[in-house]
Trainee: 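Pasting a structure below so you can have a look.
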Amino acid sequence: MTVTRPEIGDWKSIDELRELQERQLPPLLARAARSPFYRSRHTGRPAPATPADLRSLEPTGKQDLRDAYPFGLLAVNRTELATYHESSGSAGQPTASYYTRNDWADLAERYARKWVGIEPSDVFLVRTPYALMITGHLAHAAARSKGATVVPADSRSAATPAARTVKLLHRLGVSLTWSNPTETLLWAAAARAAGLDPATDFPSLRALFVGGEPLSPARRARISALWNAPVVEEYGSTETGTLAGQCPEGRLHLWADRVLCEVLDPESGKLSEEGRGRLVVTPLYREAMPLLRYNLDDEVEVEYSDCACGWRLPVVRVLGRGGFAWPVGTGTVDQHQVEELVFGLPAADGVLFWRARAGRDLLHVQVEAGEGRAAAVERRLTEAVARELSVPCRVEALPPGALVPTEVLTANPDALKPRGLFGPSEDWDAALLYY
């Protein structure tokens, strides 16, 4: 099957964008009706066939995908599948997802919608998991579709620890990277441990592409300053691929020409076009595994507003996994709020790594601080939490290496290859590393 997809900007107004979505819904609903899951869900009544029918459907949830594991949502012959994937399982039992060749053309194009474009001259380091997840394969496919050279530095491989990744960045003249935001901070610390300055010793670096975890404006700005390069964020999931990308103005825009997005109020159950709540998505061009009103359970804010970038697409703020805010004292805190305050500290304080525990009566925050900065960091961050979050707080400033040990930044990789015969002076216990 050949699917014709619009290019970004193939509409002149939000109304035209909505018309585009409405035209694509009937063929999508027809494809979804072929999957065992949606056939059983609609047993005894006509299968949904119109946009109005879609709006009457209850959302599809993570548990539905778990119950249908592995091929309950398959809507094509299995011989048409190009790849099979599973989610990380960070919020429970992993879910399956699968894609056809046409699905992959859509996935790669959406990922490549970066305002810092991927060029044939680029050396693109992919530093997210390959394995069963989609994230590494997604960036790899998008970069190859643009003719770039890919360096597959899988973040789950023992062969590419932080120290080796920094060597690759430096020696290969890497120009673009793909990782979660935390990785870029580990690289910066590992670069300094190797005697390199992230801001000046990596002149080929044009941009850092990041995703996979919420990113506050303060942390984005800190990473950009550390590496002297723009940080370009995107948002998506293994089940859906890329859902949103950052524009030159620093805002995340939903790819609403490819995915119909709604916001679910968890209290009332009402779905609306914009507002704050849980993001619910319907990928419009999915062949292998159509998803109708899929609830990602991520807390977001969506608004349709003009942006100086000129993209006529809704703006989204991703606030984190739904329900991941914790009561402290008479208030609540979430990771986005604490991260914004941590990275709002002056860069001279040297804070890259932190963690916090939200107790019922106290927020306990630990950060690594630069030499001689501990007292000032504790005072400033305690005051910021009290001022912005109004919760009781205890801040501990720890020396560098307390949260991320130095050996994590400097270790050489283990050679995990099977070997049974060793020489008289070799450590034959190394054979056990393979097992």
Side-chain angles (χ1 to χ4, degrees), residues 60-66 68-74 81-101 103-114 118 124-145 150-162 165 176-184 186-187 208-215 232-245 255 258-259 279 281 283 286-291 294-298 318 320-322 324 416:
T60 302
K62 291 264 187 188
Q63 191 57 48
D64 292 322
L65 270 60
R66 295 180 184 122
Y69 178 93
F71 288 112
L73 283 122
L74 184 64
L81 293 184
T83 61
Y84 171 92
H85 302 271
E86 291 187 3
S87 66
S88 65
S90 60
Q93 178 187 334
T95 58
S97 61
Y98 18 91
Y99 299 94
T100 65
R101 182 177 179 179
D103 288 335
W104 267 104
D106 176 41
L107 288 169
E109 194 278 338
R110 273 189 276 149
Y111 179 92
R113 289 177 164 186
K114 302 284 192 293
I118 305 171
F124 191 122
L125 183 132
V126 179
R127 181 65 175 167
T128 59
Y130 278 70
L132 282 172
M133 296 171 67
I134 196 176
T135 172
H137 302 278
L138 179 58
H140 193 122
R144 290 302 306 125
S145 74
V150 177
V151 181
D154 184 347
S155 63
R156 293 295 186 268
S157 171
T160 48
T165 300
L176 298 173
T177 67
W178 167 236
S179 70
N180 65 41
T182 298
E183 276 280 344
T184 65
L186 287 169
W187 303 342
L208 301 122
F209 298 162
V210 299
E213 57 178 302
L215 180 65
V232 183
E233 185 182 4
E234 78 155 50
Y235 166 66
S237 72
T238 289
E239 300 94 335
T240 63
T242 303
L243 296 170
W255 300 134
R258 300 292 177 85
V259 182
L279 186 65
V281 300
R286 192 75 172 272
E287 288 184 347
M289 185 179 158
L291 290 170
Y294 177 55
N295 181 7
L296 285 159
D297 211 28
D298 285 340
V318 182
R321 184 71 64 185
F324 276 35
L416 297 181

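Counting from 1, the numbers follow the sequence of the chain as shown. All of these numbers come straight from a predicted model, not from anything done at the bench.
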Trainee: If I take atom OG1 from residue T242 and atom CG from residue D106, how far apart are they, to the nearest 0.5 angstrom?
Mentor: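 Going from OG1 on T242 over to CG on D106, the span is 9.5 Å.
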
Trainee: Between R66 and Q93 (side chain of the first, backbone of the second, donor and acceptor by atom type, cut-off under 3.5 Å), is there such a pair?
Mentor: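 The answer is yes, because a donor-acceptor pair under 3.5 Å joins these two groups.
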
Trainee: Among residues at least two apart in sequence or on other chains, which ones pass side-chain hydrogen bond (donor to acceptor under 3.5 Å, both in side chains) with D64?
Mentor: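 For D64, the residues satisfying side-chain hydrogen bond (donor to acceptor under 3.5 Å, both in side chains) (neighbours in sequence not counted) are R41.
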
Trainee: Report the C-alpha distance between V210 and T184 in whole Å, list the side-chain angles of each, state the deciding distance to 0.1 Å, and finish with yes or no for side-chain contact (heavy atoms from CB on, under 4.5 Å).
Mentor: CA-CA 9 Å; V210 299; T184 65; 4.2 Å; yes

Trainee: Could you pull out all residues at least two apart from R127 that satisfy salt bridge (Lys or Arg N to Asp or Glu O under 4.0 Å)?
Mentor: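 Partners of R127 under the salt bridge (Lys or Arg N to Asp or Glu O under 4.0 Å) test: E183.
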
Trainee: Under 3.5 Å, side chain of S87 to main-chain N/O of T95, donor-acceptor pair present?
Mentor: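 Such a contact is found between S87 side chain and T95 backbone.
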
Trainee: Working to the nearest 0.5 Å, report the span between CE of M289 and CG of L291.
Mentor: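 Between atom CE of M289 and atom CG of L291 there are 4.5 Å.
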
Trainee: To the nearest 0.5 angstrom, please state how far the CD atom of E213 sits from the CD atom of E233.
Mentor: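 CD of E233 is found 9.5 Å from CD of E213.
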
Trainee: Let me see the working for T160 and S155 under side-chain contact (heavy atoms from CB on, under 4.5 Å), right down to the final yes or no.
Mentor: CA-CA 7 Å; T160 48; S155 63; over 6 Å; no

Trainee: Applying side-chain contact (heavy atoms from CB on, under 4.5 Å), run through T177 and F124 and close with a yes or a no.
Mentor: CA-CA 6 Å; T177 67; F124 191 122; over 6 Å; no

Trainee: Mind running side-chain contact (heavy atoms from CB on, under 4.5 Å) on V126 and V150 for me, showing each step along the way?
Mentor: CA-CA 7 Å; V126 179; V150 177; 3.9 Å; yes

Trainee: Taking C-beta and beyond as the side chain, do V259 and T240 meet within less than 4.5 Å on heavy atoms?
Mentor: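 Side-chain contact under 4.5 Å: no.
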
Trainee: Just verifying a value: how many Å separate E287 CD and D103 CG, rounded to the nearest 0.5 Å?
Mentor: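 Taking CD in E287 and CG in D103, the distance rounds to 5.0 Å.
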
Trainee: Could you go through W104 and T83, starting from their C-alpha distance and side-chain angles, then the distance that decides it, and tell me whether this counts as side-chain hydrogen bond (donor to acceptor under 3.5 Å, both in side chains)?
Mentor: CA-CA 9 Å; W104 267 104; T83 61; 2.7 Å; yes

Trainee: Would you call L279 and Y235 a side-chain contact if the rule is heavy atoms closer than 4.5 Å?
Mentor: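 Yes, side chains in contact.
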
Trainee: Can you name the side-chain hydrogen bond (donor to acceptor under 3.5 Å, both in side chains) partners of Y111, sequence neighbours left out?
Mentor: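 Here no residue qualifies.
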
Trainee: When S237 is tested against each of L296, D298, V281 for side-chain contact (heavy atoms from CB on, under 4.5 Å), which residue passes?
Mentor: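 That would be L296.
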
Trainee: Roughly how far apart are T60 OG1 and L73 CG, rounded to 0.5 Å?
Mentor: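 Rounded to the nearest 0.5 Å, the OG1-CG separation comes out at 7.5 Å.
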
Trainee: If I compare all heavy atoms of Y84 with all of P70, which pair ends up nearest, and what's the gap?
Mentor: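 Nearest pair, atom of Y84 first, then P70: OH-CB, 3.8 Å.
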
Trainee: Can you list the residues that meet the side-chain hydrogen bond (donor to acceptor under 3.5 Å, both in side chains) rule with Y98, with sequence neighbours excluded?
Mentor: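 So Y98 forms no side-chain hydrogen bond (donor to acceptor under 3.5 Å, both in side chains) with any residue.
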
Trainee: Could you go step by step and tell me if S97 and E86 meet the side-chain hydrogen bond (donor to acceptor under 3.5 Å, both in side chains) rule?
Mentor: CA-CA 6 Å; S97 61; E86 291 187 3; over 6 Å; no

Trainee: Only counting residues at least two apart or in another chain, list the ones meeting ring pair (Phe, Tyr, Trp, His ring centres under 6.0 Å) with W187.
Mentor: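 Per chain and number, W187 pairs via ring pair (Phe, Tyr, Trp, His ring centres under 6.0 Å) with no residue.
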
Trainee: How many angstroms lie between NZ in K62 and CG in D297, if you round to the nearest 0.5 Å?
Mentor: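 That separation rounds to 8.0 Å.
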
Trainee: Which donor-acceptor pairs under 3.5 Å do side chains of residues 128-142 form with protein atoms, sequence neighbours excluded?
Mentor:
residue: T128; atom: OG1; partner: T135; partner atom: OG1; Å: 3.1
residue: T128; atom: OG1; partner: G136; partner atom: N; Å: 3.3
residue: T128; atom: OG1; partner: W178; partner atom: NE1; Å: 3.2
residue: Y130; atom: OH; partner: H140; partner atom: ND1; Å: 2.9
residue: T135; atom: OG1; partner: W178; partner atom: NE1; Å: 3.1
residue: H137; atom: NE2; partner: A131; partner atom: O; Å: 3.3

Trainee: Is any NZ, NE, NH1 or NH2 atom of the basic residue among K114 and E234 found under 4.0 Å from an Asp or Glu carboxylate oxygen of the other?
Mentor: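 Yes, charged N to carboxylate O under 4.0 Å.
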
